[in-house]
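Side chains included, hydrogens not; waters and symmetry mates left out as well; all remaining heavy atoms used.
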Amino acid sequence: MEKVLNANINLVFGLDIGTRNIVGVVGHFEKDRFKVVAMAEQQHETRAMLDGQIHDIYKVGDTIRKVKIALEKQLDIQLSDVCIAAAGRVLRTINSEAEVEFETETRVNQENIYSLNLLAVENAHKEINQNSGEVHFYCVGNTPVRYKLNGYDINNLEGHKATKIAVELIATFLPEEVVDGLYEAVEYAGLHVASLTLEPIAAMNIAIPEQYRLLNIGLVDVGAGTSDICLTKDGSIIAYGMIPYAGDEITEQIAKNYLVDFNTAEKIKISASSKKKGLVTFKDIMGLTQKVQAEEVQKLADESIKVMAKETSEKIKELNGGKPVNAVFVVGGGGKMPSYTLHLAEYLGIPKERVAVRGEEVLTSVDFDVENFKKDSLYVTPVGICTNYYTQKNNFVFVHVNNERVKLYDNNKLTVFDAVMQIGYPNEKLFPRRGAELKFTVNGKTRLVRGTPGEGAVIKLNNKNANLNTPIEQNDIIEVVESTVGEVASITIGQLEEFNSTISFVVNDKKVVCPRFAYVNGELKSEFYDIHNGDNIRMESFYTVKQLFEFLDYDITGFDIYVNNEEADHNTRVYENFSVKTHAIDMESLSVSVEDIYDEQHTEEKDNSSEITEKEDLKTDTDEVKTEIKAEHNIAIGVIANKTPVTLTGKPSYMVADLFLFYEFDLSKPKGNIVIKVNGNNVEYSSPLKDGDVIDIYWE
């Protein structure tokens with residue numbers, strides 16, 4: 001045993017503080033079985049509790065003291081510590097989801113899973129705090145229902161490679177005043193709270209073993225003031241719920257009908273539910289003795305039972321995604337009226353055999369070393385409170401976070417993150433924050449550059465370095481210095497992949513390789529330009545004549561320029577592999593790297609042209625060549641451009657770029673990326689054209 005609860009013997013004291021009764025159980029584990037060595041039960045003398053909520057702390061405390069004293073007499077020891085449970089009426093559950101996407105494929109480890117779960121819990125915190133007003137809720141636990149790996153369900157994320165992981169979980173919360181009321185009543189009775197759990201969890205531990213939780217089963221703990229509901233499926237607890245209808249509804253109906261006080265009506269209910277036939281005897285408030293058939297009482301109670309069963313079935317369906325469960329186990333004293341299970345099965349639409357009161361059947365792993373005791377569904381929850389101590393020793397601890405005192409529900413695995421989250425510390429200030437991202441477009445396509453990550457929060461626990469996963473204990477002092485923001489994203493034109501591509505031209509029969517020009521929002525920019533958010537960048541696939549010769553560092557003022565043997569001006573566009581000729585350039589002193597583009601077929605032509613002196617006018621030479629080509633080799637071809645017949649003339653061969661000399665298509669105002677298709681295939685400006693080709697040109 002982890003802790004000696006009482007000085008004389010290693011015993012666990014569990015207390016079920018119900019609306020009508022307080023049941024105390026003392027026991028211990030012996031091998032794999034829980035052994036109950038003492039039990040005591042005491043009814044509230046007044047209605048100090050309603051619907052599972054303490055209304056009179058000190059009267060409830062007095063009743064707890066009576067149970068404590070009765071147990072101490074049986075055991076001949078002093079009891080000091082007790083395990084308790086909170087009723088479902090005050091329980092709030094939030095189904096929460098979270099998703100984490102990695103920048104690159106990552107092998108998932110425990111830290112990734114832990115962070116994912118905490119993110120979902122934080123989302124639940126935000127949701128409950130938005131609607132809670134002045135009420136302060138504490139997260140008392142979370143149960144993962146489903147994990148997803150790259151969008152697919154998976155039982156265990158650890159060890160798998162993923163780009164995206166997600167979780168759906170149930171986070172459970174209790175309001176502060178409920179916890180404080182329970183603690184105050186227990187302390188008033190001279191006891192210290194050693195563990196706090198939830199009533200549906202305690203009942204579930206006994207009534208539905210883990211091997212049954214693969215099935216879609218419902219557990220209903222029918223008390224006096226509330227009916228607590230818990231559902232299982234696929235090996236997990238998938239939902240908790242509560243309805244404010246339980247045994248007291250029946251008792252109040254009996255009290256009104258037979259004119260008796262509440263306590264007498266409770267006795268009538270119990271007596272009538274324990275026998276199918278026979279008389280039930282009682283005195284009304286006038287002092288008159290009444291004798292009624294048990295069947296009559298049951299018939300009277302049936303109206304309230306139907307309401308309970310109907311409300312319970314609707315809640316079960318709501319929690320189960322609009323569908324009934326496959327079976328229901330009923331525990332608690334309030335569900336023992338004979339017709340309750342029949343009506344519940346009817347409203348759920350499942351066979352009556354699949355709704356049953358569970359008492360002795362689910363207590364098979366429990367030994368009762370108590371005289372005159374009979375196993376009953378009434379004792380499922382208090383025994384579950386005891387056994388829960390071993391698996392979930394819960395309590396409240398107090399720590400300080402950045403000089404703020406924080407109260408935490410101790411689930412035996414509290415970490416720095418739990419404490420930091422409780423004070424509402426922003427999640428984004430715990431983890432490294434990236435600098436602002438940069439978004440722009442290149443040739444019509446969106447480009448995103450991320451900022452650099454900053455540093456994570458600096459955390460100290462009791463003046464020693466720690467992290468978010470470091471366990472914490474009572475009175476720890478936590479200091480958190482928020483994370484930093486990384487540098488904003490930045491990139492220059494020269495760092496773009498597209499800028500590193502080149503475009504080549506043929507200048508005076510020499511190949512000249514040039515960088516592509518970058519236009520930002522319509523303005524020409526150099527490679528050193530820092531790109532800004534929203535910039536529209538285009539890497540053009542042409543130079544103008546003026547830009548080409550500025551790049552070559554030649555002044556062409558006063559000189560004739562020919563592009564593809566056609567006279568051109570400064571604004572004429574020169575595309576990939578276009579031919580440019582002019583007398584303005586001395587090719588021997590050309591300042592850029594050039595390549596001789598003549599192949600062996602041109603050797604003879606080159607030798608013949610060597611007789612031309614450098615002083616001859618290049619324009620005259622070009623005109624003569626042009627005239628010769630036109631005279632001897634010119635051909636005409638017909639093509640279809642955007643469903644329009646176009647005739648190309650004056651050249652021995654044609655490329656796509658030549659089409660724009662005969663077909664009007666405005667290239668000066670880009671409207672996206674230009675698409676050129678010949679006979680259905682994408683082509684470049686330098687692709688050849690032949691007679692009969694069908695050409696499509698458009699922006700996208």
Sequence-distant partners of [X], side-chain contact (heavy atoms from CB on, under 4.5 Å), two or more places apart:
{"X": "N263", "result": "R20, D261"}
{"X": "E45", "result": "K66"}
{"X": "D153", "result": "R146, K148"}

Looking at [X] and [Y], does any basic side-chain N land under 4.0 Å from a carboxylate oxygen?
{"X": "E303", "Y": "K306", "value": "no"}
{"X": "E314", "Y": "K310", "value": "yes"}
{"X": "K299", "Y": "E296", "value": "no"}

> Between R33 and E30, is a salt bridge (Lys or Arg N to Asp or Glu O under 4.0 Å) present by the stated rule, with each step listed?
Replying inline: CA-CA 5 Å; R33 301 182 65 80; E30 193 171 279; over 6 Å; no
Distance-only donor-acceptor check, side chains [X] and [Y], under 3.5 Å:
{"X": "Y147", "Y": "N117", "result": "yes"}
{"X": "T251", "Y": "E266", "result": "yes"}
{"X": "T381", "Y": "D16", "result": "no"}

>> Suppose we screen for side-chain hydrogen bond (donor to acceptor under 3.5 Å, both in side chains). Which residues come up paired with D180, at least two apart in sequence or across chains?
In response: K407
>> Suppose we screen for side-chain hydrogen bond (donor to acceptor under 3.5 Å, both in side chains). Which residues come up paired with Q290, at least two apart in sequence or across chains?
In response: D284
Could you list the donor-acceptor pairs under 3.5 angstrom formed between side-chain atoms of residues 349-357 and any protein atom two or more places apart in sequence or on another chain?
none

[X] versus [Y], closest heavy-atom pair with distance:
{"X": "H343", "Y": "I305", "value": "CD2-CG2, 3.8 Å"}
{"X": "N216", "Y": "V325", "value": "O-CB, 3.5 Å"}
{"X": "K68", "Y": "A189", "value": "CD-O, 3.6 Å"}
{"X": "L182", "Y": "A85", "value": "CD1-O, 4.3 Å"}
{"X": "A40", "Y": "Q74", "value": "CB-NE2, 4.2 Å"}

If the condition is ring pair (Phe, Tyr, Trp, His ring centres under 6.0 Å), which residues does [X] pass it with, not counting sequence neighbours?
{"X": "F417", "answer": "none"}
{"X": "H125", "answer": "F173"}
{"X": "Y188", "answer": "Y58"}
{"X": "F282", "answer": "Y258"}

>> Per the ring-ring contact (aromatic ring centres under 6.0 Å, His included) rule, what does the pair list look like for residues 302-323, sequence neighbours excluded?
In response: none
> What pairs meet the ring-ring contact (aromatic ring centres under 6.0 Å, His included) rule with one or both residues in residues 216-249, with sequence neighbours excluded?
Replying inline: none
> Within a radius of less than 6.0 Å around CG of N156, do more than 12 heavy atoms belonging to other residues, nucleotides or ligands occur?
Replying inline: yes
